[in-house]
Amino acid sequence: MRGVAVLGSTGSIGVSTLDVLAQHPDRYRVVALTANTGVDKLLEQCLEFRPDYVAMADEQAAKVLSTRLQKLGLDIEVGAGVSGLEAAAAHPQAGSVMAAIVGAAGLAPTLAAVRKGKRILLANKEALVVAGALFMHEVQEHGAEVLPIDSEHNAVFQCMPNNFRDGLGRVGVERILLTASGGPFRTRHSEELETVTPEQACAHPNWDMGRKISVDSATMMNKGLEVIEARWLFDALPDQIQVVVHPQSVIHSMVEYADGSVLAQLGNPDMRTPIAHALAWPERHSSGVSALNLFDIARLDFEAPDTDRFPCLRLAFEAVNAGGIAPAVLNAANEVAVERFLAGEIRFTAIPRIIEQTLAEVVVGDENTLEGLMLADQQARQVAEQQIAVRV
Ligand code: NDP
């Protein structure tokens with residue numbers, strides 16, 4: 001029986017993870033769950049899965065949860081704040097840790113799991129975007145194992161040779177082809193993008209996801225963050241990563257080899273497939289996802305991305321090529337801009353402008369330490385907020 005901690009259990013990935021775990025009660029036991037403020041949902045999950053430990057980032061919410069658990073007679077320890085999340089991640093009974101907190105807030109708890117040498121099922125791509133070098137260094141140092149949950153990276157992982165960590169060139173890998181759906185605005189004209197609403201941006205054609213990643217998909221920043229994530233997960237040069245728009249989201253990504261072979265992983269767009277893959281790896285078990293019907297799909301299309309209409313993808317490539325603190329700054333400015341767009345305070349097209357300006361202004365921070373990266377993150381948030389204040 002393998003103990004699993006689910007960080008961000010009340011979110012889209014968290015709920016899908018619990019769905020897969022519930023299908024295999026003979027293999028897994030849920031030992032820890034975490035959320036930010038969603039007391040009702042976390043309480044429901046406590047009733048169903050009876051973990052040993054739960055934590056909430058919001059201290060007030062943790063107090064409310066604790067009182068309600070006591071009233072129900074449930075003996076579950078409750079933690080609060082970042083230290084509470086870290087304790088859930090480092091739980092001694094957890095062999096695997098699903099890292100599914102959204103944003104840079106997931107970095108510290110995920111690192112706590114890394115430092116305990118756990119198997120990390122990594123959905124929280126922002127952790128690698130902010131601190132890729134440091135994160136991968138800690139993984140090596142502590143003998144942790146990282147299995148990608150992002151459907152594209154999970155696909156790449158499945159198409160890679162087992163010894164890919166010896167170096168892509170040495171094992172005959174030429175390129176990683178990351179597929180992108182193109183999001184809900186793939187066919188919209190630039191002028192139309194000026195007036196799109198948060199609801200339209202969150203209505204993804206193929207995937208049902210949390211609101212932040214849905215907006216990231218609409219701006220194509222999601223693909224940009226994924227390029228940076230792939231750079232670190234597979235030790236690839238940015239030039240070895242190509243983005244391919246594939247509107248059907250059936251091919252989740254591909255690996256091109258020196259002999260001209262291209263290996264692809266296909267499946268229905270449902271995150272329970274990569275989640276089940278990473279939970280069971282190197283074995284396989286069911287995920288609850290229906291079988292792919294190629295006759296229903298009938299055709300697969302491919303296009304080059306348009307970085308004029310979707311400049312966030314260009315900005316992400318620029319940031320990963322610049323290195324240093326640039327990806328952390330890109331991520332922080334994006335988090336601020338997306339939040340303000342979702343709140344209806346800025347236009348969709350302001351998102352890349354705010355990020356570009358923030359990248360130009362923030363230069364302080366040491367990428368070799370967590371403190372230095374957090375300083376860059378904080379400064380970028382301030383600069384992005386200042387620009388929004390001027391615009392609104
Ligand atoms: P959601 O917004 O649906 O869920 C986020 C989770 O994180 C919730 O449990 C939320 O708690 C918690 N949370 C939010 N803010 C904080 C915080 N400051 N501190 C601690 N916990 C917090 O996100 P998704 O599930 O969509 O995405 C999670 C991660 O997975 C992201 O990094 C995303 O990029 C990645 N991902 C998601 C995919 C998807 O299909 N959804 C696909 C591939 C990757 P609460 O409910 O209390 O707010």
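For reference, positions follow the sequence shown, starting with 1. Counting starts at 1 for both ligands and their atoms, in listed order.
In this structure, His285 has its ring center under 6.0 Å from that of Tyr28.
No side-chain donor from either of Gln240 and Arg175 sits under 3.5 Å from a side-chain acceptor of the other. Remark: the Ser96 side chain and the Arg2 side chain contain an N/O donor-acceptor pair separated by less than 3.5 Å. Donor-acceptor pairing under 3.5 Å is lacking for the side chains of Asp270 and Asn268. Asn331 and Asp377 are not linked by any side-chain donor-acceptor pair at a separation below 3.5 angstrom, with hydrogens and angles left out of the test. Side-chain contact, Glu126 with Asn124: a donor N or O sits under 3.5 Å from an acceptor N or O.
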Pairwise, report which nitrogen or oxygen atoms of ligand 1 are under 3.5 angstrom from protein nitrogen or oxygen atoms, and how far apart they are.
unit_1	atom_1	unit_2	atom_2	d
ligand 1	3 (O)	Ser12	N	2.9
ligand 1	9 (O)	Gly8	O	3.3
ligand 1	9 (O)	Thr10	N	3.4
ligand 1	9 (O)	Thr10	OG1	2.7
ligand 1	9 (O)	Gly11	N	3.2
ligand 1	11 (O)	Thr10	OG1	3.3
ligand 1	11 (O)	Asn36	N	3.1
ligand 1	25 (O)	Ser12	N	3.1
ligand 1	25 (O)	Ile13	N	2.9
ligand 1	26 (O)	Gly210	N	2.9
ligand 1	30 (O)	Ala123	O	3.4
ligand 1	32 (O)	Glu126	OE1	2.6
ligand 1	41 (N)	Ser12	OG	3.2
ligand 1	46 (O)	Thr10	OG1	2.6
ligand 1	47 (O)	Asn36	N	2.9
ligand 1	47 (O)	Thr37	N	2.8
ligand 1	47 (O)	Gly38	N	2.8

